[in-house]
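None of these values were measured; they are calculated from a predicted model.
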Amino acid sequence: LGTVLSTGPSTDSLVIVIFVDLAMFAILFAVNSAIHSYLIVKYCDNNKVVMDVGFYYMSNAAGRLTGTLVSGAVYSYASDDGQLAFAACFWLSLGF
């Protein structure tokens, strides 16, 4: 993997690809999040709306915290090279 990155495209093109991919992910994530929020409110019991919505956001926050900690650990321990560490984070995220 290291030789592919070192002999592959320039850093500028990698930055553009990462930026475009992250922008596409952000748009899809925003739409998905809006749909999830709507469905949580629509399908929960009328007398337990606050509990269901609160549990949804609590579990969402716990997942984000866990993801942040795991990706930070992978980035720190994968490699001293920033590109390889960043690539390791993306490869790990494929498993989720």
**Request:** Report the distance from atom OH of Y43 to atom OH of Y38, rounding to the nearest 0.5 Å.
**Result:** 7.0 Å
**Asked** Do you know which two heavy atoms are closest between Y57 and S37, and how far apart they sit?
**Response** OH-OG, 3.1 Å
**Asked** Can you hop from I40 to F55 via hydrophobic side chains spaced under 4.5 Å?
**Response** no
**Request:** Rounded to the nearest 0.5 Å, what's the gap from CG on L14 to CZ on F19? Could you check?
**Result:** 15.0 Å
**Request:** Any chance you could measure I18, atom CD1, to Q83, atom CD, to the nearest 0.5 Å?
**Result:** 7.5 Å
**Item:** Between CG on residue N32 and CZ on residue F25, distance to nearest 0.5 Å
**Value:** 9.0 Å
Distance-only donor-acceptor hits, side chain of residues 60-68, under 3.5 Å, sequence neighbours excluded:
residue	atom	partner	partner atom	Å
N60	OD1	R64	NE	3.1
T66	OG1	A62	O	2.9
T68	OG1	R64	O	2.8

**Item:** Path from V74 to L22 over hydrophobic side-chain contacts below 4.5 Å
**Value:** no
**Message:** To check you understand the geometry: which heavy-atom pair defines the closest contact between A88 and A78, and what is its length?
**Reply:** CB-CB, 3.6 Å
**Prompt:** Which atoms form the tightest heavy-atom contact between S33 and Y56, and what is the distance?
**Reply:** O-OH, 4.3 Å
**Item:** Value rounded to 0.5 Å, distance of CZ in F86 from OG in S79
**Value:** 14.0 Å
**Complete:** Note: with side-chain heavy atoms under 4.5 Å as the link, the other cluster members for V15 come out as none
